[in-house]
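As structure tokens, the structure follows; a few thoughts come after it.
Since the model is a prediction, treat every value here as computed from it, not as a measurement.
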Amino acid sequence: MNKEQSKTVIFQPDGSVDTFKQENVISTSARLQNYNEQLKDSLNSGIAFTELLDRLINTSDPHELLDSAMQLISYRLNSAFLVFPQQYSRSDFYLIFLGRLLQQHNSDQLILQSSDHNHELYQEFPGINNQGYFIFQVDPVNEGGAYYVEKQTGAQLFYLNFAKHIVKFNPAAITSLLVENYHEKFVYPTVRKFVLLLIKMGEFFKEDFGFDVDFNILDQSNSAVYAIIKSDIPQEALDKLFVVASRAGYMLQTGPKGEAILDLKSDLVVTFGTEHQLIGNKKDQWAINVKDREATLSWFDLLFNYDFIRDWYLDNINTLEIQVDPRYFN
């Protein structure tokens with residue numbers, strides 16, 4: 001590296017002057033060379049970014065899709081020497097990934113749109129899009145994590161984390177948005193189509209990437225138990241259910257293990273009891289179980305379709321609310 005000599009002059013208190021030669025000043029040509037190298041590195045970084053984006057947009061391999069999304073989400077495109085003024089945000093890449101995942105499974109129900117006003121991408125679902133749209137909000141704490149959020153209400157429907165390989169559905173947000181809010185605005189088949197798409201998303205994450213998916217309130221399996229926030233018997237709430245069910249023409253009965261059983265139809269039964277009573281494990285945590293012949297209904301479906309169950313659940317939400325995972329939801 002070329003260097004130029006320079007002099008440093010020091011005036012001493014006694015009036016004498018000391019002069020030192022320095023040889024550590026970088027020459028002009030070396031500075032230019034260093035700038036050029038840094039600029040080339042920045043340009044190469046931009047090219048590498050476009051190659052990742054190409055792969056995210058065009059690949060048919062699910063593992064390449066996930067790998068591209070993970071790299072783009074953590075990619076730092078700008079440098080001290082080159083700034084790209086127009087860029088997608090980290091949350092946008094989650095949406096692009098999700099849209100591509102659905103596309104790979106021949107599902108085009110969610111439509112990816114761009115908002116010039118908010119400078120963001122968003123998804124909308126036909127039939128409910130007049131009430132709002134959906135975005136991702138990046139988790140500020142856990143690397144690789146983001147929340148799928150309804151923009152107007154801020155309801156966090158599920159949590160996705162690429163690094164931890166998990167998807168967690170949020171029963172509180174699903175209840176407030178899809179049951180309380182949408183029940184007044186949409187018929188059940190319309191909302192159910194959206195819910196079935198959410199379930200499909202979770203299944204794609206399980207099948208394609210081996211993610212641990214907690215469907216929670218949307219779990220349709222007959223073995224699903226929906227744990228409530230109170231571990232002990234919600235006796236007062238059960239007494240109220242006995243009354244409201246009777247008024248609606250149904251009978252709440254006591255089962256052989258002390259559980260409370262509500263027969264809604266010959267092939268649809270709801271049971272309230274401890275997990276030990278419901279599925280035979282050793283936990284005394286109180287929970288709800290739904291069984292139907294085809295295993296296609298969840299607690300969400302019952303809340304939406306049975307007015308007396310919905311009203312009873314919401315009126316006693318402080319006792320009966322389905323548990324959320326406190327590590328990811330407040």
Side-chain angles (χ1 to χ4, degrees), residues 49-78 84 86-105 107-125 129 132-170 173-174 177 194-195 197-216 218 325 327-329:
F49 176 87
T50 64
E51 291 172 348
L52 282 173
L53 188 55
D54 275 339
R55 193 168 64 167
L56 180 68
I57 295 170
N58 298 308
T59 184
S60 58
D61 184 301
H63 295 287
E64 281 191 350
L65 180 68
L66 179 60
D67 179 67
S68 301
M70 292 179 67
Q71 291 191 59
L72 286 167
I73 286 165
S74 60
Y75 208 98
R76 296 295 178 264
L77 187 55
N78 291 341
F84 295 82
Q86 294 188 6
Q87 298 182 39
Y88 287 114
S89 68
R90 291 170 63 194
S91 57
D92 287 337
F93 288 119
Y94 283 93
L95 279 180
I96 296 170
F97 166 84
L98 186 57
R100 290 284 293 115
L101 177 63
L102 292 171
Q103 187 180 54
Q104 287 187 351
H105 287 272
S107 177
D108 57 358
Q109 293 169 283
L110 276 176
I111 301 172
L112 186 63
Q113 303 277 26
S114 177
S115 170
D116 294 332
H117 177 72
N118 294 322
H119 304 291
E120 67 182 2
L121 295 180
Y122 65 92
Q123 287 177 330
E124 60 180 20
F125 186 81
N129 52 330
Y133 57 89
F134 302 91
I135 62 171
F136 272 101
Q137 291 179 346
V138 175
D139 181 353
V141 177
N142 297 293
E143 182 180 355
Y147 295 91
Y148 192 68
V149 175
E150 198 284 312
K151 181 64 181 268
Q152 303 304 321
T153 62
Q156 300 172 334
L157 296 186
F158 67 82
Y159 176 75
L160 164 65
N161 192 295
F162 287 144
K164 296 183 178 182
H165 280 212
I166 59 172
V167 175
K168 301 275 187 179
F169 284 91
N170 182 1
I174 289 171
L177 180 67
F194 178 63
V195 167
L197 181 61
L198 293 177
I199 293 172
K200 277 186 180 179
M201 290 180 195
E203 291 173 345
F204 295 156
F205 277 103
K206 289 179 67 174
E207 295 165 2
D208 291 357
F209 313 115
F211 275 35
D212 178 17
V213 180
D214 179 9
F215 291 100
N216 203 298
L218 301 182
D325 191 326
R327 294 171 296 178
Y328 307 108
F329 303 109

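- Checking side-chain atoms of Tyr147 against main-chain N and O of Gly154 turns up no donor-acceptor pair under 3.5 Å.
- Of the residues Asp325, Val167, Asn170, Asn142, the one that meets the side-chain contact (heavy atoms from CB on, under 4.5 Å) test with Tyr159 is Asn142.
- Under the 30°/60° scheme for interplanar angles, the aromatic rings of His165 and Phe211 are found to lie parallel.
- Applying the salt bridge (Lys or Arg N to Asp or Glu O under 4.0 Å) test to Arg76 and every residue at least two apart in sequence or in another chain returns nothing.
- Listed by chain and number, the residues in a salt bridge (Lys or Arg N to Asp or Glu O under 4.0 Å) with Glu150 amount to none (sequence neighbours excluded).
- Here Phe215 pairs with Phe169 under the ring-ring contact (aromatic ring centres under 6.0 Å, His included) rule; sequence neighbours left out.
- Partners of Gln87 by side-chain hydrogen bond (donor to acceptor under 3.5 Å, both in side chains), not counting sequence neighbours, listed by chain and number: Asn78.
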Carefully, step by step, assess Leu65 and Leu56 under the rule side chain to side chain contact (heavy atoms under 4.5 Å, CB included). CA-CA 5 Å; Leu65 180 68; Leu56 180 68; 3.6 Å; yes

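- Residues satisfying the side chain to side chain contact (heavy atoms under 4.5 Å, CB included) criterion with Gln113, sequence neighbours excluded, are Ile111, Tyr122, Glu124.
- Contacts of His119 classified as ring-ring contact (aromatic ring centres under 6.0 Å, His included), with partners at least two apart in sequence or in another chain: none.
- Within the 4.5 Å cutoff, no side-chain heavy atoms of Leu95 are placed close to those of Glu120.
- Residues passing the side chain to side chain contact (heavy atoms under 4.5 Å, CB included) test with Asp67 are Arg55, Gln71, sequence neighbours excluded.
- Partners of Phe134 by ring-ring contact (aromatic ring centres under 6.0 Å, His included), not counting sequence neighbours, listed by chain and number: Tyr148, Phe194.
- Heavy-atom minimum distance, Val149 versus Gln137: CG2-OE1, 3.7 Å.
- Across all their heavy atoms, Leu112 and Gln123 have their closest contact at CD1-CG, 4.0 Å.
- Legend: salt bridge (Lys or Arg N to Asp or Glu O under 4.0 Å) pairs involving residues 204-213, not counting sequence neighbours: none detected.
- With rounding to the nearest 0.5 angstrom, the OG atom of Ser91 is 12.5 Å from the CG atom of Asp139.
- Residues passing the side chain to side chain contact (heavy atoms under 4.5 Å, CB included) test with Ser114 are Asp116, Leu121, sequence neighbours excluded.
- Side chain of Asn161 to backbone of Glu143: a donor-acceptor contact under 3.5 angstrom is found.
- Tyr88 meets the ring-ring contact (aromatic ring centres under 6.0 Å, His included) test with no other residue; sequence neighbours excluded.
- Looking at every heavy atom in both residues, Ala173 comes nearest to Gln156 through CB-O, 3.2 Å.
- No side-chain heavy atom of Ile166 sits under 4.5 Å from any side-chain heavy atom of Val213.
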Ser107/Leu197 under side chain to side chain contact (heavy atoms under 4.5 Å, CB included): CA gap, chis, key distance, verdict: CA-CA 9 Å; Ser107 177; Leu197 181 61; 3.6 Å; yes

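- Shortest non-hydrogen contact noted between Arg100 and Ile57 is NE-O, 2.8 Å.
- With sequence neighbours left out, Asp61 forms a side-chain hydrogen bond (donor to acceptor under 3.5 Å, both in side chains) with no residue at all.
- Of the candidates Phe162, Phe204, Phe136, Phe162 is the only one forming a ring-ring contact (aromatic ring centres under 6.0 Å, His included) with Phe97.
- Within the 4.5 Å cutoff, no side-chain heavy atoms of Leu102 are placed close to those of Gln109.
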